[in-house]
Amino acid sequence: MTTETAGKYLFPEGFLWGAATAAYQIEGSSMADGAGASIWDRFSHTPGNMKDGDTGDVACDHYKRWREDIQLMKRLNLQAYRFSVSWSRVMPEGRGAINPKGIDFYDRLVDGLLEQGIEPLCTLYHWDLPAALDDRGGWLNPDIADWFADYGQVLFEKFKGRVKTWGTINEPWVIVDGGYLHGALAPGHRSAFEAMIAGHNVLRAHGAAVKRFRQVGEGKIGIVLNIEPKYPASDKPEDEAARRRAEAQMNRWFLDPLMGRGYPEELKDVYGEAYREFPQEDFDLIAQPTDWMGLNWYTRAVPENAPDAWPTRSRPVKQVQHAHTETGWEVNPPALTDTLVWLHEQTGGKLPLMVTENGSAWYDPPHAIDGRIHDPMRVEYLKNHLKALHDAIGKGVDVRGYMAWSLLDNLEWSLGYSKRFGITHVNFQTQERTIKDSGLLYAEVIKTHGGVL
Ligand SMILES: OC[C@H]1ONC[C@@H](O)[C@@H]1O
């Protein structure tokens, strides 16, 4: 803290401070105790898909170390913990039979969190589709909306009264753009025709789960979107048009239908003959009212017109004047403020928001040195983005909480363990956890409600 900012960044009473993870990225033991395979078991074991041939077979061994990790959350002063459930651990075939040992893992985790006064925020789906459902077409099969609602019902009923805040789907855009358009993520398809269909079914599944939650659930439910604001590379008309195409394909593709506006006009231009019309009843299902919306935010982009760039005909221009993280993302905290103001407007200012992921990957050593991990770049990123979040609240945006990505260094999907986002370091040789300087700062931020910023 510097004297002139003392107390300037106090957060509202009741603001919820936590950290986030996802099942396949931290749990390991993905096939243990009757669990079924997910598309990430298949994808990570397919040679060539994963940096260094990494898989989630062990990850952070959280499936076995979850008690130790709850103690870690206490040391970080966390008030909440955002995690996801592995669908195929709970329902090995994705439909029908429940695996008792699979759901027991989450039962013990939720009770363990509650015993420590940590609020569980549960995401139903964070990318690890049961392989058995992928064999039936997965997100390309319209039946998946019912399969997903049935899966949601199992959890809504099991955790009624204990889990009060639910997220249906994490980052529809990444699921579809990564898994069906560019093939960089599971299930590794590359088709604009499939992307339109998968994206629509992801949205339908969200709507079906919300509808089922209203019948059998208790608490609040919403979706989690990744939004990356697009700023034009110049004031040339072709760059603004490129910006709009990029914004439509990433930020509006899913937001607009959820808000009852249908797909953005520019999507026809982006996908051409692959663009599909769908029946109004689908859009009515998709636009089910929800109770909150999660924003996963990392960086911005500055697109220019690029006729050869598929499918948006736009390409981001590297902003060399700013720092970039290990994932090549520009550090630009004010853009977070802009996004929160934009999202507040786009959702009519009525939907409570939560920053459900925010963080940064920097080089950290493979093991602690003198019991410490000094991560000054992550400390700076965390401080400046919390200040930017505070600025958005000051502009009237209703943000209820912040979940740091991530509690632990973990499997960064096809980038493997090479990118470390954790506020806690994991030595993947020994599984030893060490709270990084950024984690120590975050614990202080929580204790002082931001006063330390
Ligand atoms: O890339 C950083 C994070 O972005 N949001 C989804 C997470 O699973 C991922 O690790």
Side-chain angles (χ1 to χ4, degrees), residues 9-22 70 72-74 76-84 110 113-114 116-124 126 159 162-171 218-227 290-298 333 336-337 339-344 346-347 349-360 381-408 421-424 438-439 441-453:
Y9 292 100
L10 283 177
F11 279 73
E13 195 53 43
F15 188 82
L16 195 63
W17 297 101
T21 65
I70 292 177
L72 175 67
M73 295 178 212
K74 283 301 283 181
L76 286 162
N77 297 332
L78 299 193
Q79 300 165 347
Y81 171 54
R82 174 179 179 245
F83 65 98
S84 78
V110 165
L113 291 165
L114 294 172
Q116 297 296 330
I118 298 170
E119 184 180 341
L121 274 63
C122 182
T123 305
L124 295 180
H126 198 127
F159 298 111
R162 291 186 283 165
V163 175
K164 303 229 168 71
T165 304
W166 294 89
T168 54
I169 290 176
N170 184 77
E171 300 181 359
E218 187 183 294
K220 297 186 180 308
I221 194 163
I223 196 166
V224 175
L225 301 183
N226 60 293
I227 302 282
T290 52
D291 309 307
W292 69 282
M293 181 176 282
L295 168 68
N296 290 357
W297 198 91
Y298 291 92
L336 170 58
T337 310
T339 303
L340 282 164
V341 170
W342 180 81
L343 193 55
H344 184 72
Q346 293 295 315
T347 55
K350 296 186 297 292
L351 204 53
L353 304 179
M354 186 185 298
V355 175
T356 31
E357 286 180 28
N358 174 245
S360 54
Y381 183 100
L382 176 61
K383 267 187 198 169
N384 294 330
H385 286 79
L386 289 180
K387 290 177 179 176
L389 168 50
H390 190 274
D391 289 346
I393 294 172
K395 291 171 185 278
V397 181
D398 181 6
V399 192
R400 302 290 175 90
Y402 176 89
M403 304 291 134
W405 184 268
S406 176
L407 172 70
L408 300 167
F421 277 89
I423 57 174
T424 304
S438 56
L441 168 74
Y442 192 49
E444 273 308 295
V445 167
I446 298 171
K447 199 165 128 192
T448 61
H449 297 294
V452 75
L453 289 173

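With values rounded to the nearest 0.5 angstrom, Leu441 atom CG is found 9.5 Å from Ile423 atom CD1. Taking CG from Asn296 and CZ from Arg82, the interatomic distance works out to 5.0 Å, rounded to the nearest 0.5 Å. Here the straight-line distance linking atom CG of Leu121 with atom NZ of Lys164 works out to 11.5 Å at 0.5 Å rounding. Of the inter-residue distances, the one linking Leu113 atom CG with Met73 atom CE reads 5.5 Å to the nearest 0.5 angstrom. One finds the CE atom of Met293 at 5.5 Å from the CG atom of Leu351 (value rounded to the nearest 0.5 Å).
Asn384 has its side chain out of reach of Leu336: every pair of non-hydrogen atoms, C-beta onward, lies at least 4.5 Å apart. At a threshold of 4.5 Å between non-hydrogen side-chain atoms, the residues Leu16 and Arg400 do not count as touching. Taking 4.5 Å as the limit, every side-chain heavy atom of His385 sits out of range of all side-chain heavy atoms of Val355. Side-chain contact between Leu453 and Phe11 is present, with at least one heavy-atom pair separated by less than 4.5 Å. Between Leu389 and Phe15, the closest side-chain pair of non-hydrogen atoms falls below 4.5 Å. The closest side-chain heavy-atom distance from Leu76 to Tyr81 is not below 4.5 Å. Within the 4.5 Å cutoff, no side-chain heavy atoms of Ile446 are placed close to those of Tyr402. Here the side chains of Thr424 and Tyr442 are not in contact, with every heavy-atom distance at 4.5 Å or above.
In this structure, Gly401 and Met354 approach most closely via the heavy-atom pair O-CG, 3.4 Å. Closest approach of Ser438 to Gly422, counting heavy atoms only: OG-O, 4.4 Å. In terms of heavy-atom proximity, His344 sits nearest to Leu353 at N-CD1, 4.2 Å. Pro120 and Arg162 make their closest contact through CG-O, 3.7 Å (heavy atoms, listed as atom of the first residue, atom of the second, distance). The two atoms that bring Pro333 and Ala388 nearest to each other are O-CB, 3.3 Å, heavy atoms only. Of all heavy-atom pairs between Met403 and Thr356, the closest is CB-O, 3.3 Å.
Considering only residues two or more places apart in sequence or on other chains, Ala22 meets the side chain to side chain contact (heavy atoms under 4.5 Å, CB included) condition with Gln25, Ser84, His126, Trp405. Residues passing the ring pair (Phe, Tyr, Trp, His ring centres under 6.0 Å) test with Phe159, sequence neighbours excluded: none. Shown here are the ring pair (Phe, Tyr, Trp, His ring centres under 6.0 Å) partners of His449, two or more places apart in sequence or in another chain: there are none. Remark: Asp391 pairs with Tyr9, Thr337 by the side chain to side chain contact (heavy atoms under 4.5 Å, CB included) rule, at least two apart or across chains. Remark: Lys447 engages Asn77, Glu444 in a side chain to side chain contact (heavy atoms under 4.5 Å, CB included) (not counting sequence neighbours).
For the pair Lys395 (side chain) and Val341 (backbone), a donor-acceptor distance under 3.5 Å is absent. A distance-only check finds a donor-acceptor pair linking the side chain of Tyr381 to the backbone of Gly359 [under 3.5 Å].
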Worked verdict on Leu408 versus Leu72 for side chain to side chain contact (heavy atoms under 4.5 Å, CB included): CA-CA 10 Å; Leu408 300 167; Leu72 175 67; 3.6 Å; yes

Working for side chain to side chain contact (heavy atoms under 4.5 Å, CB included), residues Thr347 and Trp292: CA-CA 10 Å; Thr347 55; Trp292 69 282; over 6 Å; no

Verdict with reasoning, Leu78 to Leu407, per side chain to side chain contact (heavy atoms under 4.5 Å, CB included): CA-CA 10 Å; Leu78 299 193; Leu407 172 70; 4.1 Å; yes

Please list, one pair per line, the donor and acceptor atoms closer than 3.5 Å that link side chains of residues 218-227 to other protein atoms, with sequence neighbours excluded.
none

